[in-house]
Number of protein chains: 2
Amino acid sequence: MQSIKGLVLKGLAMSSSMNKKKTIAEIMHSLRRIFKAIQQYSEEVLKEFGVTGPQLWALRTVYVEGQLSMGELSRTMYLHMSTVSGVVDRLEEKGYLERTRGVSDRRVVKISLTKAGKKLVQRGPEAAQGRLLHGLESLSPKEVQVIWSSLEKVVRLMEIQDTKATFFFSEE
Amino acid sequence: MQSIKGLVLKGLAMSSSMNKKKTIAEIMHSLRRIFKAIQQYSEEVLKEFGVTGPQLWALRTVYVEGQLSMGELSRTMYLHMSTVSGVVDRLEEKGYLERTRGVSDRRVVKISLTKAGKKLVQRGPEAAQGRLLHGLESLSPKEVQVIWSSLEKVVRLMEIQDTKATFFFSEE
DNA sequence: TACAAATATTTTGTGTACAAATTATTTGAA
DNA sequence: TTCAAATAATTTGTACACAAAATATTTGTA
């Protein structure tokens, strides 16, 4: 259906003398394709396990971290609290999560897994990571390391600009 | 508001002896944060130019590629056609794009920029790329190259699994 | 020629994803 | 003590993002 193979080969054919501007455009494309692949994987997870990628990710986070507040969950997942609120709604409806009000502070909502939720996490794949995970597993530790440090560099570049809006529009 | 700086530093503190599984989890986090940074940037663009990141990206694509069909536009943007259909709807309402039916094949819809659309692209930043672009510009060509090839590797790993679903669940 | 299969786009329905507004509760200062 | 500010979570409104179904048109074939 998609001519992905062709596109990948086109990417590989680029020489190392490719100029910076073009490389940057390619980087954006790569990121876009990674997001798309993650979303497509989410569909597969939905068909097999009845929950979406983000939902499985939330379950997995609670499984790993233990009981969490909404704020903690959203910070751990790097998602806006209102987004997480909706995800938790759907997981609660499905019977995988429970909300309980905090005892000492009644503003706080504590999220915990039900028995069914725990079971699902144990038999399910590693959330959205699944596909990427199995790909990365096949690489050497060194290769994984290089990919990680590259991504960290990109993250720093993007997040640093939050604090340095002044320098945002530099000269061409 | 966000404690992003702290998180970045935590990432940097990791030693190279970090095991593969942890590194992979970090890679997922990095991707997630890149995604979030792009979306936050989209908000800024919206406030300044009245169009969202994806909308500006679509305009820019038509600007660069010239008149396009919906199919061509969606393939170029790596987005589902139904998604692009909605984005084009909103840009048409705002008067930046026009739809025209194909002459030889009346199923095809041709997308082209209006005068206002052209003007906006010329004065606007480089769509979602903007923030990343300015960050990457500050690196050496070699560094940019390493980041690109890492991302390409990730893309290939994820997309290859579309065709090789058989090997999907390998042993631990 | 007739009409089924293929193709291009839109519509429908679900689920993120965010900001801004709202609600409920707690904390701190006059 | 009182009540405004701060905090935690939810609700509301907009815009992606996708698959599946529907619509319109063209192509190929009997």
Side-chain angles (χ1 to χ4, degrees), chain A residues 1-2 32-47 49-58 68-75 77-94 97 99-111 127-128, chain B residues 1-2 32-47 50-58 68-75 77-94 97 99-111 127-128 162:
Chain A
M1 204 158 252
Q2 296 104 322
R32 180 61 227 148
R33 282 153 70 192
I34 290 168
F35 296 145
K36 184 153 193 177
I38 288 172
Q39 270 177 341
Q40 277 172 346
Y41 176 66
S42 175
E43 282 296 321
E44 286 171 36
V45 171
L46 181 60
K47 267 172 198 151
F49 298 98
V51 291
T52 65
Q55 285 169 19
L56 192 52
W57 179 23
L68 285 172
S69 71
M70 288 300 286
E72 287 163 346
L73 183 56
S74 78
R75 277 191 297 279
M77 294 178 76
Y78 287 95
L79 291 176
H80 200 277
M81 223 165 27
S82 58
T83 303
V84 176
S85 195
V87 173
V88 169
D89 280 352
R90 286 178 284 277
L91 287 171
E92 204 178 11
E93 270 168 38
K94 286 172 185 165
L97 283 183
R99 276 178 167 101
T100 0
R101 279 281 161 193
V103 198
S104 59
D105 186 341
R106 289 184 40 70
R107 288 171 304 179
V108 174
V109 170
K110 294 286 188 183
I111 311 298
Chain B
M1 205 160 255
Q2 296 104 321
R32 179 62 225 148
R33 282 153 69 194
I34 290 168
F35 196 23
K36 184 154 193 175
I38 288 172
Q39 269 177 340
Q40 277 172 346
Y41 177 66
S42 176
E43 283 296 321
E44 288 172 34
V45 171
L46 181 59
K47 269 173 197 149
V51 292
T52 64
Q55 284 169 22
L56 192 52
W57 179 22
L68 285 172
S69 70
M70 289 300 286
E72 287 164 347
L73 183 56
S74 78
R75 277 190 297 278
M77 295 179 74
Y78 287 97
L79 291 177
H80 200 277
M81 223 165 27
S82 57
T83 303
V84 176
S85 196
V87 173
V88 169
D89 281 351
R90 287 178 284 276
L91 286 170
E92 205 178 10
E93 270 168 38
K94 285 172 185 165
L97 282 183
R99 276 180 167 99
T100 359
R101 279 283 160 190
V103 197
S104 59
D105 187 340
R106 290 184 37 70
R107 288 170 306 179
V108 173
V109 170
K110 293 287 186 181
I111 310 298
D162 278 336

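Lettering follows sequence order; numbering is per chain, from 1.
- Between the CD1 atom of B:Ile111 and the C1' atom of C:dT10 there is a distance of 12 Å, rounded to whole Å.
- Heavy-atom nearest nucleotides on DNA chain C were determined for A:Ser104 and for A:Thr83, and the one closer to the 5' end corresponds to A:Thr83.
- The phosphate of D:dA20 (OP1 or OP2) has a side-chain N or O of A:Lys47 nearer than 4.0 angstrom.
- Checked against side-chain contact (heavy atoms from CB on, under 4.5 Å), B:Thr52 has the following partners two or more places apart in sequence or in another chain: B:Ser42, B:Leu46, B:Pro54, B:Gln55.
- Judged as a side-chain contact (heavy atoms from CB on, under 4.5 Å), and not counting sequence neighbours, the contacts of B:Val108 are B:Ser69, B:Asp105, B:Lys110.
- The distance from atom CE of A:Met77 to atom P of C:dG15 is 15 Å, rounded to the nearest whole Å.
- Looking only at side-chain heavy atoms (C-beta outward), A:Arg99 and A:Asp89 come within less than 4.5 Å of each other.
- Not a single salt bridge (Lys or Arg N to Asp or Glu O under 4.0 Å) links A:Arg106 to another residue, sequence neighbours left out.
- Atom CG in B:Leu79 sits about 15 Å away from atom P in C:dT10, given to the nearest Å.
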Base versus backbone protein contacts along nucleotides 5-15 of chain D [heavy-atom cut-off under 4.0 Å; B, S, -]: -BBSBSB---S

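- Minimum interatomic distance between A:Ala58 and A:Leu73 (heavy atoms only, all atoms of both residues): O-CD1, 4.4 Å.
- For the pair A:Arg106 CZ and C:dT23 P, the computed distance is 18 Å after rounding to whole Å.
- If you check D:dA21 for Watson-Crick or wobble pairing at under 3.5 angstrom, you find it paired to C:dT10.
- For B:Trp57 and D:dA17, the CH2 to C1' distance is 11 Å, given to the nearest whole Å.
- In this structure B:Ser82 satisfies the side chain to side chain donor-acceptor pair (under 3.5 Å) test together with B:His80, sequence neighbours excluded.
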